[in-house]
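Below is one structure, written out as structure tokens; comments come after it.
Just follow the structure's listing: the first ligand is 1, and inside any ligand the first atom is 1. This structure is a prediction, so every number in the text was calculated from the model and none was measured.
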Amino acid sequence: MDTKRISATLEEALSTQMNVELFQSHTYLSYGIWATDKGYDGIGNFLMRHSLEERNHAIKFMQYVLNRGGKPTVSALKGAEGDPQNLTDCFNRVFKHEVENTEKIYNLVNMAFEEKDWATWNFLQWFVKEQIEEETLAMDLIDKLKIAGGDRATDESLFNLDKDLGKAEDDAELARNANSENP
Ligand code: OFO
């Protein structure tokens, strides 16, 4: 008896999204390494924790497809883009990645809607909300850096920004306690 409760189209699309989230994770890891190497340990720590969060998003997609009787496939991961040129470039890229990912999530929501697959539609609402938070987070990074003086920020402002983002770890319950149910 076929117990699969998801269409082949959505199974493939969600599997693809699992790989997109893995790529996001890969990207944030590479930015985290870049920032740490530049001496911004706090920002590096922040980005690396975000990398873990993205990985957990991938796990959430994986688990959902499996729960619906499907089987996701891990595809070859393309290499992360080159290093950012500076912190402004880094935070702008973070924002761009989040907006692009939001568009992908919206596309999946549309597909679920068209198929009247309400289970998948409902599952995806968690990601719709999450993307709002992540876009806000990325905008905040850009704003904080602007306030600190952007690319012309003094060493002291950058030092404080770095320290603040390093400390953000303590607020990041979701990142520290992440699992497939609560990424
Ligand atoms: Fe997976 O949330 Fe950002 O992209």
Side-chain angles (χ1 to χ4, degrees), residues 6 10-36 40 42-68 70 72-84 87-112 119-145 165-166 168-169 171-183:
I6 190 166
L10 274 174
E11 177 185 17
E12 194 187 332
L14 295 180
S15 179
T16 299
Q17 185 62 29
M18 174 188 76
N19 287 288
V20 167
E21 302 288 347
L22 288 174
F23 179 68
Q24 292 282 81
S25 173
H26 216 43
T27 301
Y28 286 123
L29 184 64
S30 78
Y31 291 173
I33 291 169
W34 170 81
T36 305
Y40 302 123
I43 294 169
N45 177 276
F46 175 85
L47 290 164
M48 287 182 193
R49 281 184 296 107
H50 201 81
S51 165
L52 282 178
E53 200 168 323
E54 295 294 351
R55 185 179 187 280
N56 280 301
H57 292 171
I59 298 296
K60 201 169 173 88
F61 276 101
M62 175 203 80
Q63 195 62 61
Y64 179 76
V65 175
L66 285 170
N67 287 349
R68 302 303 286 160
T73 308
V74 176
S75 59
L77 209 51
K78 58 179 177 165
E81 312 162 330
D83 285 344
L87 280 179
T88 303
D89 184 37
C90 179
F91 293 169
N92 284 345
R93 285 196 203 182
V94 167
F95 181 65
K96 183 168 158 278
H97 276 290
E98 289 307 327
V99 171
E100 285 171 358
N101 203 27
T102 299
E103 282 161 12
K104 290 189 169 72
I105 298 287
Y106 287 177
N107 189 41
L108 291 170
V109 172
N110 267 333
M111 289 172 74
T120 299
W121 186 90
N122 186 52
F123 164 73
L124 289 167
Q125 295 312 301
W126 186 91
F127 284 95
V128 170
K129 186 164 163 278
E130 177 70 4
Q131 284 307 121
I132 297 172
E133 285 174 19
E134 299 215 342
E135 286 183 7
T136 304
L137 187 72
M139 285 179 217
D140 283 353
L141 289 178
I142 292 171
D143 286 347
K144 281 191 172 119
L145 182 59
L165 287 174
E169 178 178 21
D171 301 324
E173 289 296 331
L174 291 178
R176 279 189 289 127
N177 303 324
N179 55 44
S180 63
E181 276 308 296
N182 183 26

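For the residue pair Q131 and E135, no side-chain donor N or O sits within less than 3.5 Å of a side-chain acceptor on the partner. In this model, no donor atom of one side chain and acceptor atom of the other lie less than 3.5 Å apart for S51 and Y31. Side chains of H97 and E100: no donor on one and acceptor on the other come within 3.5 Å.
Protein contacts to atom 3 (Fe) of ligand 1 involving N, O or S atoms at a distance below 2.8 Å are E54 OE2, E98 OE1, E98 OE2, E134 OE1.
Between D140 and K144, none of the side-chain N atoms (NZ, or NE/NH1/NH2) sits under 4.0 Å from a carboxylate O, so this pair counts as no salt bridge. We find that K60 and E21 are not joined by a salt bridge, their nearest charged nitrogen and carboxylate oxygen being 4.0 Å or further apart.
Shown here are the side-chain hydrogen bond (donor to acceptor under 3.5 Å, both in side chains) partners of T27, two or more places apart in sequence or in another chain: there are none.
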